[in-house]
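Presented below is the structure to which this report refers.
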Number of protein chains: 2
Amino acid sequence: MAGHKQAAPLRADDLTAKARIRNAALILFAENGVDATSLRVVAEAAGVTVGLIVHHYGTKEALREAVELAIVDQFEVAIESVPLNSQPPAKVVTERDLAVARMLQQTPAIVDYLRRAILDGKGERGDLVSRLSELTAQQVRELRDAGLASTKNTLGEQVISIMVRQLGRLFLQPLVDQIADEFAAELTGSQKPRLTVTVER
Amino acid sequence: MAGHKQAAPLRADDLTAKARIRNAALILFAENGVDATSLRVVAEAAGVTVGLIVHHYGTKEALREAVELAIVDQFEVAIESVPLNSQPPAKVVTERDLAVARMLQQTPAIVDYLRRAILDGKGERGDLVSRLSELTAQQVRELRDAGLASTKNTLGEQVISIMVRQLGRLFLQPLVDQIADEFAAELTGSQKPRLTVTVER
DNA sequence: TAGTAACTCGTACAAACGTACAGTCACTAA
DNA sequence: TTAGTGACTGTACGTTTGTACGAGTTACTA
């Protein structure tokens, strides 16, 4: 299942038109939402015409699917960049966390897209969130088999803990930033507040 | 500034058509987003025709404004339902928190709408978030004048702390719920996990 | 009672959207 | 060379959207 990924580069200058379309769509979807982004502005951003988008992806929904697939891909690549047996198992967890964090920081559009996806998520199986949860669950199972992750809590609880800790802070940051900007005059000198999200029970 | 509010009831059966339109819009905007909600479905939900919406509100943007105004109104009413001098000042804070929490629980559409508003927030002054921040700031100032709230942290920090603690949990809950549903089989017996959001520094 | 203002409806329209399709170009295989 | 295939363009079409507007109805006032 963890086959060799081609990793579909999200950042490069010489890409096929098909990839340029997908990357432009990710950025625009993340920034303005899928509904508010017309295929025409995607085409313009990618330097192609609307017809070509239809040619390559068929429908807008299929383009969205491709964008989400690319996002899951990035997560997989980041996680697999730290193999299970490469380090003392205690370090694998924190290293993988770091790799994902670096990936998200390098492609902030993914964070923005995820925020919207979770918001609009119809909770259907096959959802983007579902796929990421499954990915996380696999990771937890791996760690358990290696005798590392505790088996005291249920798998579901561990998955929630990981994803919410990782994503929750990123989701709430815009709220913090906006408020911080408005009271910038009174937040003298000190850096912007930081969030921590914890899951209990 | 804290004049007598007419409180614009959000839940009642005998309302003017104008109010029914606003309430239907709040619910539908919250559920599907503003862009994905056509004036025609709002009209149907309110039991009127599209023409009447235009007559009362002019544009869709103005209708959205009215919805947001009604939300801010609800917050004000909830806060002012616990007057400053009604109780020992130590209790005023927790009682006001409770009043707001009750209001949000009673009208969950407000929570959903807020989640979307923060997401799409263009960060402009006059925003919904801006207005709520200002409302919170006023509250904090009142408490400071009463000698209750600490003046050790800046006003901005206190506003962020209050709003994020109050709203952050509600925003992340759908994420937790969706994941919890998918691992329902493994979350045997135990209730759903609970979130806590804290702000540092 | 007459009149006027507000409420409500139904229709109409321009703009924007996603999609379909015919056609052009470049390149490869036979 | 010829036939064919995939990338790519431009136009066109049907649908849905927000908005405009005239006409009918109700309610209140003089």
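Residue numbers begin at 1 in each chain, while the letters A, B, ... track the order of the sequences.
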For E68(B) and Y113(B), does a side-chain donor sit closer than 3.5 Å to a side-chain acceptor?
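Looking only at side-chain atoms, Y113(B) and E68(B) do form a donor-acceptor pair, the distance falling under 3.5 Å.
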Should S130(B) and Q178(A) count as side-chain neighbours, where that means a heavy-atom distance under 4.5 Å?
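When only atoms from C-beta onward are counted, Q178(A) and S130(B) do touch, with a gap below 4.5 Å.
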Can you tell me if R144(A) uses its side chain to pair, donor with acceptor, with the backbone of T151(A) under 3.5 Å?
no
K18(B) backbone acceptor or donor facing Y57(B) side chain under 3.5 Å:
yes
Where does the chain B footprint on DNA chain D start and end, counting 5' to 3' with a 4.0 Å heavy-atom cut-off?
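For DNA chain D, the relevant span reads dT17(D) to dT19(D).
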Could you tell me which non-hydrogen atom of L155(A) sits nearest to which non-hydrogen atom of A137(A), and how far apart they are?
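The answer is CD1-O, 4.1 Å.
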Minimum heavy-atom distance between V42(B) and A24(B), given as atom pair plus value
O-CB, 4.1 Å
Classify every nucleotide of nucleotides 9-25 of chain C by which part a protein heavy atom approaches to under 4.0 Å, writing B for the base, S for the sugar-phosphate alone and - for neither, in 5'-to-3' order.
BB-B----BBB------
Test side chain to side chain contact (heavy atoms under 4.5 Å, CB included), reference V100(A), set I162(A), T136(A), I79(A), output is I79(A)
Salt bridge E134(B)-R131(B), side-chain N to carboxylate O under 4.0 Å
no
Hey, what do you get for NE2 (H55(A)) to CD1 (I21(A)), rounding to the nearest 0.5 Å?
9.5 Å
Encoded 5' to 3' (Watson-Crick or G-U under 3.5 Å; [ ] crossing; | other strand), DNA chain C becomes ||||||||||||||||||||||||||||||
